[in-house]
Amino acid sequence: MGEGPLEAAPRRGGAEGPATNAAWFERARRVIPGGVDSPVRSFAAVGGVPYTVARGRGAYVWDVEGRRYVDMVQSYGAVLLGHAHSVVTEAVTRAAALGTSFGAPTEGEVVLAELVCSRVPGCDQVRLVSSGTEAAMSAVRVARGFTGRTRVVKFDGCYHGHADTLLAGGGSGVATLGLPGSAGVPAAAVADTVVVPYNRLPEIDDEVACVIVEPVAANMGVVAPAPGFLGALRQACDAAGALLVFDEVITGFRLGPGGASVWSGVTPDLWCFGKVIGGGLPLGAFGGRRDVLAVLAPSGPVYQAGTLSGNPLATAAGRAVLEAVTAADYDDLCARAGRLAGGLREAIAGAGVAVQVPVVGPLVGVFFGSAPVDDYASARASVAGDLYPGFFTGMLERGVALAPGPYEAMFPGLAHSDADVDVVVEAAAGAAAAMAANGSATR
Ligand SMILES: Cc1ncc(COP(=O)(O)O)c(C=O)c1O
């Protein structure tokens, strides 16, 4: 899935001419709250000024100062083939030439929906939306409409986007910023949301509409489901007449062609998709059993809508990616992630810094410290050691861009070569040595 040699030197400066990251951030802060359009992009948790991306290609991004980074962010997992892959840029260009949005059905959305349903057994239908947030919000509404119940069970540290109902005990940005939830969310909006610890079977009674879960948690760092956890949830939901919702915004089409339900052998009633499904463009989807989705308007009484839903550019990109990636590519990706995780473990521990590097398929995380992490409380305990900011900065200085928050996953993709993995591992050895020299060694 590689793209051949990279162009030698990218143009310096962004579209508006030469500038520094600091100058762009200053401009941004004047007109964009906090200078970022999503809080996870802020450097508040790690210190310093965010780099402003001028362009990306393959495994790399270049900032406006012309500095190149091996990019482990990859749009928080939305990009699977690497930046500006010709499969995506050509599909989007072709689609754009035919019109960017119609407010009427298009062929592309049908083909993408067919692709998704054919890859995910048990998912009979999907409705396309424009983000993972919309997908999760809509799935919960469908579950409530279908069951006639209101209670939602979610897991502490799992993130399902920023819909009011689901902004309780969230991971990712809310965790990074240390927020218990969000101001502006009325107590009533989360009154029927029950937050329980990940990897423990909660009580599910006949007032529960749905249990929503990240089948592999990737917003409190990477935390694998304990053996039997997802299957037990399935059984408990069945016993209570509640629906099981897999939020596969991260795992969908990344963990493997069929995502986490195929990977785990557990079939939920509803799925949420985002990120990879849109090939790096704004697209999400929720899907599930035909009888459940029958409650959706226009067939049923549960309303959900979107002017740009099933957008032709986004469906073209998503389709192009899903069609391009083979089963062998997923095997390669997982092997590369395993190599990355092994290398990081050795490099960081070798410098005397206690670390765990969980890897689940293609998802890689880093927890400093040696106490096992299997839920949000233990993830928080690791983060409380405050080693991530030093690691992040050390990596950035060595040309490796990680997410600027300790609860995010790393996203090795199909563009990362073995040589890129080596660069990341070497940077980690240097960053960890610097941490150890600064007294950060934890054993
Ligand atoms: C598991 C999960 N669900 C939902 C979302 C929300 O998706 P979006 O940011 O596209 O709204 C995210 C975003 O990171 C996510 O990781």
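Please read these numbers as outputs of a predicted model, since none were measured by experiment. For ligands, and for the atoms within them, numbers begin at 1 and follow the listed sequence. In what follows, every heavy atom counts, from backbone to side chain, and hydrogens, waters and symmetry copies are set aside.
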Item checked: Contact atoms of ligand 1, heavy-atom distance to Gly132 under 4.0 Å ->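 Answer for ligand 1: 6 (C), 7 (O), 8 (P), 10 (O), 11 (O).
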
Check: Taking only heavy atoms of Ile250, which atoms of ligand 1 are found under 4.0 Å from at least one of them?
Finding: 16 (O)

Next item on the list: Report, in ascending order of atom number, the atoms of ligand 1 lying under 4.0 Å from any heavy atom of Asp247.
Entry: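 Reading through ligand 1 atom by atom, the close ones are 1 (C), 2 (C), 3 (N), 4 (C).
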
Item checked: Numbered atoms of ligand 1 (with element) below 4.0 Å of Ser131, judged on heavy atoms ->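 Heavy-atom distances to Ser131 below 4.0 Å select 10 (O), 11 (O).
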
Check: Relative to each other, are the rings of Tyr388 and Phe368 parallel, tilted or perpendicular (30° and 60° limits)?
Finding: tilted

Margin query: Students often mix this up, so state it plainly: with edges at 30° and 60°, are the rings of Phe253 and Phe273 parallel, tilted or perpendicular?
Written below: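 Geometry flag for Phe273 against Phe253: tilted rings.
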
Check: Are Lys275 and ligand 1 in contact, using a heavy-atom cut-off of under 4.0 Å?
Finding: yes

Next item on the list: Please state whether Tyr76 comes within less than 4.0 angstrom of ligand 1, counting heavy atoms only.
Entry: no

Item checked: N or O pair under 3.5 Å between His160 and ligand 1 -> no

Notebook entry, point to check: With distance as the sole criterion, is a donor-acceptor pair present between the side chains of Arg127 and Gln304 under 3.5 Å?
Noted result: yes

Note to self: Would you say Thr251 and Trp263 are linked by a side-chain donor-acceptor pair, where the criterion is simply a distance under 3.5 Å?
What the structure shows: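 Result is no, nothing qualifies.
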
Note to self: Below 3.5 Å, N or O to N or O, backbone or side chain included: is there any such pair between Thr133 and ligand 1?
What the structure shows: yes

Checklist line | Option with minimal heavy-atom separation from atom 16 (O) of ligand 1, where the choices are Val249, Asn219, Leu283 | finding: Asn219

Next item on the list: Compute the ring centroids of Phe155 and Phe229, then answer whether they are less than 6.0 Å apart.
Entry: yes

Margin query: Centroid separation under 6.0 Å, is that true for the rings of Tyr198 and Tyr376?
Written below: no

Checklist line | salt bridge (Lys or Arg N to Asp or Glu O under 4.0 Å) pairs, two or more places apart, involving residues 242-267 | finding: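 The answer is none; no pair qualifies.
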
Check: Looking at Glu214, which atoms of ligand 1 are within less than 4.0 Å of one of its heavy atoms?
Finding: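 That gives atoms 1 (C) of ligand 1.
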
Checklist line | Per-atom contacts, ligand 1 versus Gly161 - under 4.0 Å to a heavy atom | finding: 4 (C), 5 (C), 6 (C)

Margin query: For residues 276-304, which residue pairs pass the salt bridge (Lys or Arg N to Asp or Glu O under 4.0 Å) check, not counting sequence neighbours?
Written below: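 Non-adjacent pairs meeting salt bridge (Lys or Arg N to Asp or Glu O under 4.0 Å): Asp269-Arg289, Arg289-Asp291.
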
